[in-house]
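Just so you know, these numbers use all the heavy atoms, side chains as well, and skip hydrogens, waters and symmetry mates. Just so it is clear, the model here is predicted, and its values are computed rather than measured.
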Amino acid sequence: MNAPGDLVDGRFELVERLGSGGMGTVWRARDTVLHREVALKAVRSDADTVGLMRERVLREARALARLSHPHVVTIHQIVAAEPHPWIVMELVPGSSLQQRLDQGPLTPVAAARIGRQVLAALRAAHAAGIQHRDVKPANILLRPDGNAVLTDFGIAAVQGTTGLTATGELVGSPEYMAPERIRGHGDDPSADLWSLGVVLYVCVEGVSPLRRPTTLATLAAVLDDPLPPPTRSGPLTPVLEALLVRDPSARPDAARLDAMLAEVEAGRTPHWAQPTMTAATPHPLPPTPTRLDTPHPTVPQQLREPRRRTPLLMAATAALAITAATTLTLVLRPGDTDGDNKAGTPTAPTAATPAPTTAAPSPAPSPTPDGRWIAQLHSEPLSSGTAARDRRLATIRQSVPEATVLRSDDYASLRRGYWVFYAPGPFTDGRAALTFCAERGRTSANACIGRYLSTNATDFAFQCRPPATAPTGRCTRTG
């Protein structure tokens, strides 16, 4: 047992214990060589898990050593002492965000400022292949000038390393964990963004939206309970609604999130559309055969950067697409020009039936140039592979026989990099998609999202979120 006055590595004198947690104990210490104060983190010395904890603390050191960022705590060195190693880190003067929140909630502007700084730290970590996995107020330190520093990467999953989870051990803080991480599919950086969203909610609302009396009840709430609508968040409300969506593919990416937080920090209410983009009439999709069991063709540049086209040219292109269509082809058919979703049905080519007992749904027409509402049931990163995609589709079809899957890269209104599993409808609007899920009991009401499928990037904003009886988000699109 360590005590004040102990000398570590013959150099670092322990002064006082600053805190402790699942990963170990942090001390204020004095570097007797350089005559400066530092923070020393000791690995937890539980005899049953000391080996695992040692590897985790070393992983934290390696993760932090790869980062050099003003909002990430600086690591100085590792002391490989017995019975446990120590990490020598920058001592951040001030207090934690958790301590600050104990005094009362923050204003939306102040929360947005801290949120942007933590997001900057996460972006640097994600770019280095590191996920934090435990973003919470206690792991966000505030300097005297108010600037935030993200610390405690001890359970970070570094890309290319083996996951470390002791049998039966819960890694992370349940009320801040993303639903996909609880389900064992948290390999996408957007899981850290969910955690940041919960932190921002707590900052402005003053309560944890998913905390329950027990750990199991909290985990169940994260998976299924609707989040209480924000009442104090003001201009931060659209950010919370955007982030706290259980389907990771429906959350904004880091760049879009930073733009939204910047609007709040400036005292304005953000909008979902990319601030650097203007609305444009999307191109119809080309009639290129796209089988799910073959390499995916290159997506034309026009799908990523839509340009305005004349109505005549759009009509001619759509007519040619119809002529060339086959059952395994993504095509367009002419629809209503006022964008009221009354023509065309989105789809992607269906995979070969994953299980003998599961019948493949009949191919549905592809979206019109104006887009179409779908009921998004689930998503998985493209990196999960086609085998995992087919297994998931087979499972979903047990309750939603008409479900199919598409590659989000084909639609500018979706976040790139995902397999998106959905019911094609047709649905008149997002509310109809939610009603389909809720009334027929075909999927979890909180997992279903009404999404607008189109080749216009600004349509990412059109998401209709549960509950179906009082949906939030943008559920209709006209004009």
> Would Arg212 and Asp225 pass as an ion pair if we require N to O under 4.0 Å?
Replying inline: yes
> For Arg28, what residues pass the side-chain hydrogen bond (donor to acceptor under 3.5 Å, both in side chains) criterion, not counting sequence neighbours?
Replying inline: Glu16, Glu37
>> Which residue is it: Val405, Leu393, Asp390? I am looking for the one with a side chain to side chain contact (heavy atoms under 4.5 Å, CB included) to Trp419.
In response: Val405
> Sequence neighbours excluded, which residues qualify as side-chain contact (heavy atoms from CB on, under 4.5 Å) partners of Arg211?
Replying inline: Glu175, Ser208
>> Between Arg246 and Leu227, is there a side-chain heavy-atom distance shorter than 4.5 Å?
In response: yes
> Taking all atoms of both residues into account, what is the closest heavy-atom pair of Pro270 and Met260, and its distance?
Replying inline: CB-O, 3.5 Å
>> Under the salt bridge (Lys or Arg N to Asp or Glu O under 4.0 Å) definition, can you give me all pairs with a residue in residues 105-120, not counting sequence neighbours?
In response: Arg116-Asp258, Arg116-Glu265
> Does Leu406 offer a backbone N or O that forms a donor-acceptor pair with the side chain of Tyr411 under 3.5 Å?
Replying inline: no
> Between Ser413 (side chain) and Tyr452 (backbone), is there a donor-acceptor pair under 3.5 Å?
Replying inline: yes
> Which atom pair, heavy atoms only, marks the closest approach of Ser96 to Pro137?
Replying inline: CB-O, 4.1 Å
>> Test side-chain contact (heavy atoms from CB on, under 4.5 Å) on Val420 and Leu453; report intermediate values, then the result.
In response: CA-CA 11 Å; Val420 172; Leu453 189 66; over 6 Å; no
>> Is it the case that the side chains of Ser249 and Gln376 hold a donor-acceptor pair, with the cut-off being a distance below 3.5 Å and no angle test?
In response: yes
>> Apply side-chain hydrogen bond (donor to acceptor under 3.5 Å, both in side chains) to residues Ser454 and Asn456 and explain how you reach the verdict.
In response: CA-CA 5 Å; Ser454 80; Asn456 189 337; 5.7 Å; no
>> If only side-chain N and O atoms count, and only distance matters, is there a donor-acceptor pair under 3.5 Å linking Asn139 with Thr151?
In response: no
>> Which heavy atom of Val204 sits nearest to which heavy atom of Pro108, and what is that distance?
In response: CG1-CA, 3.8 Å
> For Phe12 and Trp86, what are the C-alpha separation, side-chain angles and deciding distance, and is it a side-chain contact (heavy atoms from CB on, under 4.5 Å)?
Replying inline: CA-CA 10 Å; Phe12 302 101; Trp86 297 77; over 6 Å; no
> Is there a side-chain hydrogen bond (donor to acceptor under 3.5 Å, both in side chains) between Asp188 and Tyr418 once you walk through the steps?
Replying inline: CA-CA 10 Å; Asp188 190 90; Tyr418 289 89; 2.9 Å; yes
> If you look at every heavy atom in Arg251 and Phe460, which pair is closest and at what distance?
Replying inline: O-CZ, 3.5 Å
>> My understanding is that only residues two or more places apart in sequence, or in another chain, count here; which of them pass side-chain hydrogen bond (donor to acceptor under 3.5 Å, both in side chains) with Glu205?
In response: Thr231, Ser233
>> Let's go through Val38 and Leu40 carefully: what are the C-alpha distance in whole Å and the side-chain angles of both, what is the deciding distance for side-chain contact (heavy atoms from CB on, under 4.5 Å) to 0.1 Å, and is it a yes or a no?
In response: CA-CA 7 Å; Val38 295; Leu40 259 65; 3.5 Å; yes
> Between Arg36 and Glu13, is there a salt bridge with N-O shorter than 4.0 Å?
Replying inline: no
> Listed by chain and number, what are the side-chain hydrogen bond (donor to acceptor under 3.5 Å, both in side chains) partners of Asp192, not counting sequence neighbours?
Replying inline: His126, Arg181
> Name the one of Asp409, Asp253, Leu382 that satisfies side chain to side chain contact (heavy atoms under 4.5 Å, CB included) with Arg416?
Replying inline: Asp409
> How close do Val222 and Ala178 get, heavy atom to heavy atom, and via which atoms?
Replying inline: CG1-C, 4.3 Å
> Would you say the side chain of Leu97 lies within less than 4.5 Å of the side chain of Leu141, judging by non-hydrogen atoms?
Replying inline: no
>> Distance check, rounded to the nearest 0.5 Å: Leu142 atom CG versus Gln117 atom CD?
In response: 8.5 Å
>> Please check: side-chain N/O of Ser384 versus main-chain N/O of Glu380, any donor-acceptor pairing under 3.5 Å?
In response: no
> Under 3.5 Å, is there a donor-acceptor pair linking the side chains of His69 and Arg123?
Replying inline: no
> Step by step, would you call Tyr176 with Val199 a side-chain contact (heavy atoms from CB on, under 4.5 Å)?
Replying inline: CA-CA 7 Å; Tyr176 293 97; Val199 169; 3.9 Å; yes
> Hey, is Asp152 close enough to Lys136 for a salt bridge, meaning N to O under 4.0 Å?
Replying inline: no
> Partners of Cys203 by disulfide (SG to SG under 2.5 Å), sequence neighbours excluded?
Replying inline: none
>> Quick one, Asp9 and Gln77 - any side-chain contact, counting heavy atoms below 4.5 Å?
In response: yes
>> Can you tell me how the ring of Phe421 sits relative to the ring of His378, calling it parallel under 30°, perpendicular over 60° and tilted otherwise?
In response: tilted
>> Looking at every heavy atom in both Gly450 and Leu434, which two are closest together, and how far apart are they?
In response: N-CD2, 3.8 Å
> With side chains defined as the heavy atoms from C-beta onward, is the minimum distance between Leu14 and Pro4 less than 4.5 Å?
Replying inline: no
> Is it true that Arg465 and Glu241 make a salt bridge, defined as a side-chain N closer than 4.0 Å to a carboxylate O?
Replying inline: yes
> Do Leu150 and His71 come within less than 4.5 Å of each other through their side chains, counting heavy atoms only?
Replying inline: no
> Do Leu119 and Leu196 have side-chain heavy atoms sitting under 4.5 Å apart?
Replying inline: yes
